[in-house]
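Working notes for the structure below.
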Amino acid sequence: MVIMTEPGTEQRLDELSKRFDFGFSQTNERLGRVEDDVRELWADMNKGFDKVDAQFGKGDDEFKSVRAEMKAGFDGMQKQFTSMQKQMTLFFAGTLGTVVAGVMVTVITVLLHS
């Protein structure tokens, strides 16, 4: 069986093939530019995330610093309260001892003069 074609059909098919090739080439170029844009956007996003991570790191450092300062302050207060407690204990023990000694002196004096 023989296929009959019009004259110039091969030339039109070649032209159509060239147009398809050109269209695919243009599409590939556009996709390449889109890929480049996406890579650039992704890089910019990563830079932004890095900045956010750095800021969170600074916040963590500040929090740790404040926490350490508060702990040092509370430790100092604890030492002061302990010291004050010892002083108060000594004061009350001394006062009690003085009262007991005074009562004993009074009782002995009363007993000796009676």
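These numbers come from the heavy atoms of this one structure, side chains and all, not from hydrogens, waters or symmetry mates. In this text, all values refer to a predicted model and were calculated from it rather than measured experimentally.
Hydrophobic clustering (ILVMFWY, side-chain heavy atoms < 4.5 Å, transitive): M77 and M84 are in one cluster. Neither V52 nor W42 shares a network with the other; the hydrophobic side chains, linked directly or stepwise wherever heavy atoms of I, L, V, M, F, W or Y lie under 4.5 Å apart, form separate groups for each. F81 and F91 fall within a single hydrophobic cluster, where Ile, Leu, Val, Met, Phe, Trp and Tyr side chains are chained together by heavy-atom contacts under 4.5 Å.
One finds a salt bridge joining D36 and R39 here, because a Lys/Arg side-chain nitrogen approaches an Asp/Glu carboxylate oxygen to under 4.0 Å.
No side-chain heavy atom of F22 sits under 4.5 Å from any side-chain heavy atom of R19. Looking at heavy atoms from C-beta onward, F49 lies in side-chain contact with M45 at the 4.5 angstrom threshold.
Legend: residues meeting side-chain contact (heavy atoms from CB on, under 4.5 Å) with Q78, ordered by chain and number and at least two apart, are T82.
Here the OG atom belonging to S65 is positioned 11.5 Å from the CE atom belonging to M70, to the nearest 0.5 angstrom. For the atom pair OG1 (T89) and NZ (K86), the distance works out to 9.5 Å, reported to the nearest 0.5 Å. Going from atom CZ of R30 over to atom CG of D37 covers 13.5 Å, rounded to the nearest 0.5 Å. Atom-to-atom distance recorded for E29:CD and L31:CG is 10.5 Å, nearest 0.5 angstrom.
Within a 6.0 Å sphere centred on CD of Q85, other residues, nucleotides and ligands contribute 12 heavy atoms or fewer.
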*asked:* Could you walk me through whether D75 and K71 satisfy the salt bridge (charged side-chain N to carboxylate O under 4.0 Å, His left out) test, starting with their C-alpha distance in whole Å, then the side-chain angles of each, then the deciding distance to 0.1 Å, before giving a yes or no?
replied: CA-CA 6 Å; D75 288 346; K71 184 175 182 340; 3.2 Å; yes
*Does the side chain to side chain contact (heavy atoms under 4.5 Å, CB included) test come out yes or no for E15 and R12, once each step is laid out?*
CA-CA 5 Å; E15 183 64 31; R12 287 189 308 213; 5.5 Å; no
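Every pair tested for side chain to side chain donor-acceptor pair (under 3.5 Å) that includes a residue from residues 44-62 fails, sequence neighbours excluded, so the list is empty.
Looking at S83, its side chain never comes within 3.5 Å of a backbone N or O of K79 through a donor-acceptor pair.
In the hydrophobic clustering, V100 connects to L96, M104, either directly or through intervening members, whenever side-chain heavy atoms lie under 4.5 Å apart.
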